[in-house]
Amino acid sequence: MPFTLATWNINSVRLRAGLVERLLREEAPDILCLQECKSPVDKMPLEGFAALGYGHVVARGQKGYNGVAILSRLPLQDAGDLDFAGLGQARHVAARLEDGTVIHNFYVPAGGDVPDRAVNEKFGQKLDYLTDMRDFFRDSRPDRAILVGDLNIAPREDDVWSHKQLLKVVSHTPIEVEHLGNAQAAGHWVDVTRADIPQGQLYSWWSYRARDWDAADKGRRLDHVWASPDIAQAAHSSRILRAARGWDKPSDHAPVFATFDL
DNA sequence: ATGGTAGGATCCCTA
């Protein structure tokens, strides 16, 4: 059964419930993974999603910050959540499809502004989160698994508008790229988006602060779709819906899609 | 070199 999956940092699921519904109507992914819901689970606007056919949901939330959800037209089992770096925040939830495929939905800490853990605790937490992720996937190698989310790191030179100008900017520093690469390597995760689209600039996030985000196009690829090696070859048709960044009252992230023939 | 925008909570934090 082939299915299409999307991942989207929605930056408040309550404020942007209408945009989520628009995406479900117009693009109709089978599964939509959301991050930065900024809401407790019992206040997420799930009824409107269920009315569109997305009645299967696993989610973790907290007041004001973080929060992740997986909305699905296909039946889901709750497969638990992970708390890395001892943060105690709603940054991960996992779901299991009926065929056994596990979907991990992550919201990795952004890491603050200064890329130095000696003066910025948040940067240290981000690195520790990635180290714990590495250890977790080293100890339980993923199999028939998909990992998506806002990983808050743009690893490749062509994942940012200027490699040189972003080398000291949190999200593209060498130490972060190394930590993300270690987590990816520990699980033998395949970067599905880049396997599908190996060449050229690719962004999923554009700052709110730009005067004209579209014209300036100073983007970064912070949102990712990975797959375990046993199912990675089943993935195809990756794309980023840049148009969603131009919708009314948008998230600063665009949704990333992939289809799996499983 | 700086400040720019956005959301949600609280009178500031995080992104």
Colleague: Grab the N/O contacts between the protein and nucleotides 13-15 of chain B below 3.5 Å, and write none if there aren't any.
Modeller:
unit_1, atom_1, unit_2, atom_2, d
B:dT14, OP1, A:Lys122, NZ, 2.7
B:dA15, OP1, A:Arg91, NH2, 3.4
B:dA15, N6, A:Arg209, NH2, 2.5
B:dA15, N1, A:Arg209, NH2, 3.0

Colleague: Measure CH2/A:Trp213 against C1'/B:dA6 and give the value in whole Å, please.
Modeller: 16 Å

Colleague: A:Gln62 CD to B:dG8 C1': how many Å, rounded?
Modeller: 12 Å

Colleague: Could you tell me whether A:Asp217 atom CG has more than 12 heavy atoms of other residues or ligands within 6.0 Å of it?
Modeller: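 Yes, enclosed.
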
Colleague: In terms of ring plane angle, is the pair A:Phe136 and A:His104 parallel, tilted or perpendicular, where the classes change at 30° and 60°?
Modeller: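 Perpendicular.
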
Colleague: When the nearest nucleotide of DNA chain B is assigned to A:Gly64 and to A:Ser207 on a heavy-atom basis, which residue is associated with the more 5' position?
Modeller: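 By nearest-heavy-atom nucleotide position, the 5'-most residue is A:Ser207.
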
Colleague: Using 4.0 Å as the upper bound for N to carboxylate O, is an ion pair formed by A:Arg242 and A:Asp214?
Modeller: yes

Colleague: Just to verify, what does A:His236 make a ring-ring contact (aromatic ring centres under 6.0 Å, His included) with, not counting sequence neighbours?
Modeller: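 Result, ring-ring contact (aromatic ring centres under 6.0 Å, His included) vs A:His236: none returned.
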
Colleague: Applying ring pair (Phe, Tyr, Trp, His ring centres under 6.0 Å) as the test, list every pair that has at least one member in residues 1-47 of chain A; sequence neighbours left out.
Modeller: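 Residue pairs with at least one partner in residues 1-47 of chain A: A:Phe3-A:Phe260.
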
Colleague: Measure the spacing between CD of A:Gln125 and CG of A:Asn120 and express it to the nearest 0.5 Å.
Modeller: 8.5 Å

Colleague: Between B:dT2 and B:dA6, how far is it from one P atom to the other, in whole Å?
Modeller: 23 Å

Colleague: Sticking with atom C1', work out how far B:dA9 lies from B:dG4, rounded to a whole angstrom.
Modeller: 22 Å

Colleague: Whether A:Arg14 contacts B:dG7 is assessed here as follows: a side-chain N or O lying under 4.0 Å from the phosphate OP1 or OP2. Is that the case?
Modeller: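 The answer is no; no side-chain N or O of A:Arg14 sits under 4.0 Å from OP1 or OP2.
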
Colleague: Taking only the C1' atom of each, what is the distance from B:dG7 to B:dA1 in whole angstrom?
Modeller: 28 Å

